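To start, the structure under review is shown below, and the notes come after it.
Quantities reported herein were computed from a predicted structural model and do not represent experimental measurements.
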Amino acid sequence: MQPKQNIIHLPVYQPGKPIEEVKRELGLSEVIKLASNENPFGCSPKAREAIAAEAATISMYPDGGAVELTAALAEHLGVRPNQIIFGAGSDDVILMIARAYLVQGDETVMATHTFPQYKHNCEIEGAVSIEVPLKDGKHDLPAMLAKINERTKIVWVCNPNNPTGTVVTRSELNDFLKQVPPHVLVVLDEAYIEYTDSADLPDGIEVIAEYKNVITLRTFSKIYGLASLRIGYGVGHPEVIHSINQVREPFNTNRFAQAAAKAAVKDQQFIAYCREQNAKGIEYLTGEFNRLGLSYYPAYGNFIMVDVKRPAKEVFESLMRKGLIVRGGHALDFPTKIRVTVGSSEQNAKFIAALTQVLDEIAVQA
């Protein structure tokens with residue numbers, strides 16, 4: 001049996017190492033995971049209550065159209081229900097966008113390095129991925145614009161960008177969108193948007209009101225703390241949403257996810273608390289990096305990419321032996337950088353203590 005030839009070379013997505021695996025491999029009793037940008041404060045208590053209430057309906061299919069959740073989210077965002085589509089995480093919406101719009105030979109433009117599932121899903125559809133290097137950790141929008149031609153179908157902009165955490169500003173994005181041809185769909189991935197209230201950062205909901213060819217992606221996995229339930233969404237022009245909906249699998253989001261997300265979106269007090277704690281965490285971590293003489297990209301999400309000035313793989317493995325899981329830049333093509341999730345104050349302090357020891361140990365070995 002032969003699979004599609006264009007998928008043979010594709011790598012399988014590698015998530016951060018699970019806590020249980022690290023405990024088992026290294027014989028550790030305590031492990032702190034700061035690798036997957038999860039919310040250290042969990043989810044809203046109201047979401048947990050909603051999950052518990054759904055236990056009685058576990059034998060029933062979910063609402064395929066997520067009607068109640070759509071209505072709640074539409075009210076929160078100030079858009080119409082027909083402008084929203086849900087997926088099993090925003091990565092499911094990425095898959096649907098690629099499936100709806102791309103055919104063999106189409107071109108799609110993206111940064112390198114950014115969220116790998118853009119390229120992964122585009123290549124599954126036989127599209128050609130045109131990658132434009134980041135500039136100082138940021139999307140180089142003028143260079144990306146120069147790569148657009150009559151074969152281009154989609155441009156991907158991750159804002160804040162994963163893994164660097166940098167952002168395209170409001171004015172930069174506006175200048176870019178003014179020049180993008182109307183036949184090109186711009187996907188604005190805002191998975192971490194709720195973590196910042198910076199006036200410099202564009203709001204995708206405002207952007208889609210002006211540009212029909214833009215869809216913004218968001219998720220309940222990050223600040224909402226519902227990562228295990230796998231639910232995210234896209235917001236765009238009704239015609240774009242309709243096209244994507246035509247390739248959506250039935251019942252692609254489950255009852256627990258829908259109920260939890262509906263409760264979570266109504267608890268903005270919890271979101272404000274998480275945003276505030278995250279800002280304090282960024283202030284603490286960047287202060288410590290400054291003390292250690294380490295440079296880092298400006299952080300707008302709930303993670304920081306920092307240059308440890310040593311081989312990233314060595315730092316990653318040494319931290320893991322001390323019970324701290326981070327993302328090693330060696331796996332992301334940043335050979336001396338690591339990406340660390342902003343944790344609770346206790347987790348952040350333990351990370352800095354471990355990092356300080358590791359840097360000293362590796363410096364002695366060098």
Within a reach of under 6.0 Å around [atom1] of [X], are more than 12 heavy atoms found that belong to other residues, nucleotides or ligands?
X      : atom1 : value
Lys322 : NZ    : yes
Lys119 : NZ    : no
Gln269 : CD    : no
Glu317 : CD    : yes

Closest approach of [X] and [Y], non-hydrogen atoms and distance?
X      : Y      : value
Gln258 : Pro62  : NE2-CB, 3.9 Å
Thr108 : Cys122 : CG2-SG, 3.5 Å
Ile193 : Arg218 : CG2-NE, 3.6 Å
Lys46  : Ala263 : O-CB, 3.5 Å
Asn213 : Pro182 : CB-O, 3.8 Å
Lys309 : Gly293 : NZ-O, 2.8 Å

Hydrogens and angles aside, do [X] and [Y] bring a side-chain donor and acceptor to less than 3.5 Å of each other?
X      : Y      : answer
Thr166 : Asn161 : no
Arg327 : Asn37  : no
Asp200 : Thr169 : no
Arg230 : Ser221 : yes

Open item on the list: Parallel, tilted or perpendicular: which one describes the rings of Phe115 and Tyr118, with boundaries at 30° and 60°?
Closed with: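 Rings of Phe115 and Tyr118: perpendicular, over 60°.
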
Open item on the list: With side chain to side chain contact (heavy atoms under 4.5 Å, CB included) as the criterion, how do Leu355 and Phe289 come out once you've worked through the C-alpha distance, each side chain's angles and the decisive distance to 0.1 Å?
Closed with: CA-CA 10 Å; Leu355 178 64; Phe289 294 152; 3.9 Å; yes

TODO: Give me the other members of the hydrophobic cluster that Met60 sits in, counting Ile, Leu, Val, Met, Phe, Trp and Tyr linked by side-chain heavy atoms under 4.5 Å, directly or via other members.
DONE: none

Task: Contact list for residues 158-213, test ring-ring contact (aromatic ring centres under 6.0 Å, His included), sequence neighbours left out - done: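 Sorted pair list: Tyr192-Phe303.
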
